[in-house]
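Whatever order the structure lists them in is the order used to number ligands and atoms, beginning at 1.
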Amino acid sequence: MSATSVPLSIYLHIPFCRIKCTYCAFNTYVNLEGLIEPFVAALAREIQIVGQAQPGQTVGTVYLGGGTPSILTPEQMDDILTAIRRNFKLLPDAEISIEANPSDLNAGYMKALREVGINRVSIGMQSANANELELFHRRHDNDATVRAVAAARQGGFTNLNLDLIYGIPHQTLDNWDNSLRQMLRLQPEHVSLYALGLEDGTPMKRWVATGRLPAPDDDLAADMYELATDVLGAAGYEQYEISNWAKPGYACRHNLQYWYNLPYPGLGPGAHGFAGGVRYSTVLSPQRYIQAMQTADDRYDYPRTPATDQAVVVDRQTEITDTLLMGLRLTREGIRREVFRQRFGDDVLDLYGSLIEKYVGYGLLYVDDDVVRLTRQGRLLSNMIFRELV
Ligand code: SF4
């Protein structure tokens, strides 16, 4: 197997948290800190296996997500990034991001992260309102977020994302407006806004099912989204994806790789990846993951490793559908017709002309000679279009 000319984006899943948030269904575990050290060694081993199966492969972005990567020490981060540098060609301008909990950050820690090469931090602010953070069982308040941002700046970070959640039970438009404005005072380069989802197995879903909390109000959530679109636009942020806004030049390059449907190996327990024409996932259990890596041979069929759980070879039609579903999320760029033509040999209108024309007629899609993309109204109803594409 030889390297591809497209630089990879590598996702690394860190499956540890100090507290489980009430809405979270990610593959993450509390009270397993004792596994962090062997986990870091296992992750370095998995990086080695994937890198050696694809010699000379360039990497343009690395993303440490989770879970709570900021539980790791700078030395452990360094071990992981050293494994990447040894086994891939990490490009000099690579974007290297971590997700972080505000409570974990201080200036010394952030400076140490910069020194090991991390250059982007995504802080889980989630809300500025105490009642919402308590409902989530987050282990920080808004003051901690303010201190975390200051620490990141003191540590030398010039590329910072803040996450917020809307559509929270009991949340009003005024509460949401407050979170947005508090967030803007911190002047992040990038903003991600997520509608609260009620995920299976979470306390939040149970509380709504048993009537302890009101069910989400979709109309109110849509109003919140509209408000955010106006407030962020007025503050100089460009919306470039359904849930993401950035100052010019600060779109997240790692996530763009997903939305372009380009290769991103996913490593670590519960990670998902798409590389070498294969879409796959990794075993969920950190213990099983560590064990698989401790007994791993050297040769595996890229991008598989001994921790691979499910793997499906992606056929052409699925790749086309995935490319459309992901690309339409890009609210500014949309689907670039020439790029699509070069990749698949067909114009997107030849393949999906009647469906696209229908939604253009409803005012939900925009088409010209260069692009197909969602309109502002289409962003609110994107799921309807995506369902029909599948
Ligand atoms: S910190 Fe993040 S990953 Fe961990 S439980 Fe909370 S939402 Fe989930």
Can you see whether Y260 has R336 sitting over its ring - NZ or CZ less than 6.0 Å from the centre and within 45° of the normal? yes

Does even one non-hydrogen atom of R18 get within less than 4.0 Å of ligand 1? no

Option from L35, V30, I36 for which side chain to side chain contact (heavy atoms under 4.5 Å, CB included) with L32 holds: L35

Return the closest protein heavy atom for atom 2 (Fe) of ligand 1 as residue, atom name and distance. R138 NH1, 4.0 Å

Could you see which bit of E99 sits under 4.0 Å from ligand 1, with heavy atoms only: side chain, backbone, both or neither? neither

Under-4.0 Å salt bridge between D230 and R376: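 A salt bridge links D230 with R376.
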
Everything protein-side that's N, O or S and under 2.8 Å from atom 8 (Fe) of ligand 1: list it, residue and atom.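 C24 SG, with waters left out.
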
Suppose I only count heavy atoms of I19 and a 4.0 Å limit; which atoms of ligand 1 are within that range?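 What qualifies from ligand 1 is 5 (S).
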
Going through the distances and angles, do E189 and K247 end up as a salt bridge (Lys or Arg N to Asp or Glu O under 4.0 Å)? CA-CA 5 Å; E189 282 71 32; K247 288 283 170 83; over 6 Å; no

When rounded to the nearest 0.5 angstrom, what is the spacing between CG in L113 and CE in M77?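 Rounded to the nearest 0.5 Å, the CG-CE separation comes to 5.0 Å.
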
Got a donor-acceptor contact below 3.5 angstrom from the N106 side chain to the G108 backbone?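 Yes; at least one donor-acceptor contact below 3.5 Å.
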
May I have the step-by-step check of salt bridge (Lys or Arg N to Asp or Glu O under 4.0 Å) for R288 and D309, ending in yes or no? CA-CA 11 Å; R288 278 188 59 204; D309 183 18; 5.6 Å; no

Between Q126 and E132, does the side chain to side chain contact (heavy atoms under 4.5 Å, CB included) criterion hold? Intermediate values first, please. CA-CA 9 Å; Q126 316 309 9; E132 292 163 6; over 6 Å; no

